[in-house]
Protein chains: 2
Amino acid sequence: MLMQNAQTISLSHPAKPLRQWTAPDSGRSGLSAFEALGVPVSYTRNEEIFGDGEPAEYVYQVVSGAARTYKVLNDGRRQIGAFYLPGEVFGLGVGDAHHYSAEAIGKSSLLVVKRSALIALAETDHKVAHLLWTLTAQELQRVQEHMLLLIRSAQERVACFLLEMAERMAEADVIDLPMSRQDIADYLGLTIETISRTLTQLETAAAISVPTCRRIVLTNRKALKRLHA
Amino acid sequence: MLMQNAQTISLSHPAKPLRQWTAPDSGRSGLSAFEALGVPVSYTRNEEIFGDGEPAEYVYQVVSGAARTYKVLNDGRRQIGAFYLPGEVFGLGVGDAHHYSAEAIGKSSLLVVKRSALIALAETDHKVAHLLWTLTAQELQRVQEHMLLLIRSAQERVACFLLEMAERMAEADVIDLPMSRQDIADYLGLTIETISRTLTQLETAAAISVPTCRRIVLTNRKALKRLHA
DNA sequence: CGAGGTATTGACGGCTCTCAAGTCTGGTGG
DNA sequence: CCACCAGACTTGAGAGCCGTCAATACCTCG
């Protein structure tokens, strides 16, 4: 999928070089401003980063580990909106309150940036303003792609999820998932049983292998992509 | 839902003639710039406004009528991302290409604004820059809400859809839907048969009445809200 | 080695899709 | 003004996919 590329590229994971379709320098210089304002903070497994409805004081960039954003419906079900991997930014809305919650998935380190500082900077530096807009638009595109997933079959959802994670992580065929089956289920709008059964089906079909439950090897990407959008 | 309110307010509801917010109100000067750049264009029923993958030259604001954005999956299914009613803006992404298609639902009039002009203006006028960001963030929030719909039951999806349309249209109990059952189905990730059956169920349960197939009366909002998020 | 959380597997049921009639509605032309 | 037609909508019957409930296996950490 395109959006993950865009997001990763634009935010420039320190380890990854930049390549992008927006202006080559505007993203980078804005980003350096972003990083200059940030303070690293550590979080433990399942620790809350912010809660639904809380004032949106900060914006976050993952340094190491991973985070999830989610919303709990009135019937108790949890929908995960997104997973955030190193280099990616979250918590950036326009209102003064978050409209979802965020947690660290495992032991993680985040760069924490004061929202007001970013916005103040955007008033004078239009590169920062453009960065805020770009980040929000990339998030929009990501959510739109995610929405398309939710109307597909279980096999298609899981296959797309694996391909997406492979692209965003090492871009190797071996994926070490930071999240549990329950997280995957809540991200894809399925149950853990269906996730588990589907992974078994894909393994039986020789599209993947699952050496341990957190490690998945894509042995036949073409078979997976056949299920893709 | 909050976002529709925010969006409507920000863009000036059609009940107020568009020309009025060119008034030198400093808080809305960004919008007046937006409107000053726009040219009204007429579209006929089902006419394409832009196609998936086309260069994103323009941004659109509905004056009268309604529009839908959608994406066609490789299996031929169509997912409608959003409906746009008078006063609402669409077509605003950050890349230089649209990543979905847009059509007029019925005979419609749109204000068409050159994207490059908006972006150029944002370089010097940070209120315009803030407007672009705000519009994008509101769209993001709308899509996030939409995503939550797609994991719910058919009854809940239809009930939420009706409440949403009621809020965005007259905010009366009588809704005149601009779109067909097929449009609703593709918006909610259901089939037309399920839409039809669900409306019948809601009517039987005395939550709504359906005098004609495009007109729906909310006779018991509390019953509908019980199915809400 | 034991315990508790996590993941897998199985049986069954329900919700929604599919396929297939019917019915209504809105627009057109006589 | 009315009859007619095509598309849109409704309703029904059956099937399939996924959710639920339950039991078992696995893995991690004390």
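Remember, predicted model here, so these are calculated numbers, not experimental data. Numbered from 1 within each chain, the chains take letters A, B, ... in sequence-line order.
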Would you kindly give the [atom1]-to-[atom2] distance between [X] and [N], to the nearest whole Å?
| X | N | atom1 | atom2 | result |
| --- | --- | --- | --- | --- |
| R181(A) | dA7(C) | CZ | P | 6 Å |
| I192(A) | dA22(D) | CD1 | P | 15 Å |
| R197(B) | dG14(D) | CZ | P | 13 Å |
| L150(B) | dC17(C) | CG | P | 12 Å |
| D75(A) | dG19(D) | CG | P | 13 Å |

Is a donor on one side and an acceptor on the other found under 3.5 Å between the side chain of E167(A) and the backbone of E164(A)?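 A pair under 3.5 Å: no.
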
Donor-acceptor pair, distance only, cut-off 3.5 Å: does the side chain of R78(A) make one with the backbone of K71(A)?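 Side chain of R78(A) to backbone of K71(A), a donor-acceptor pair under 3.5 Å: no, none is there.
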
Using a heavy-atom cut-off of 4.0 Å across all strands, would you classify [X] as base, sugar-phosphate, or nothing?
| X | value |
| --- | --- |
| T212(B) | nothing |
| S180(B) | sugar-phosphate |
| R45(A) | sugar-phosphate |

So does R214(B) get a side-chain nitrogen or oxygen closer than 4.0 Å to the phosphate oxygens (OP1/OP2) of dC9(D)?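 Answer yes for this pair, as a side-chain N or O of R214(B) is under 4.0 Å from OP1 or OP2.
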
Starting at CG of D173(B), measure out to OG1 of T219(B) and round the result to the nearest 0.5 Å.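 These two atoms lie 8.5 Å from each other.
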
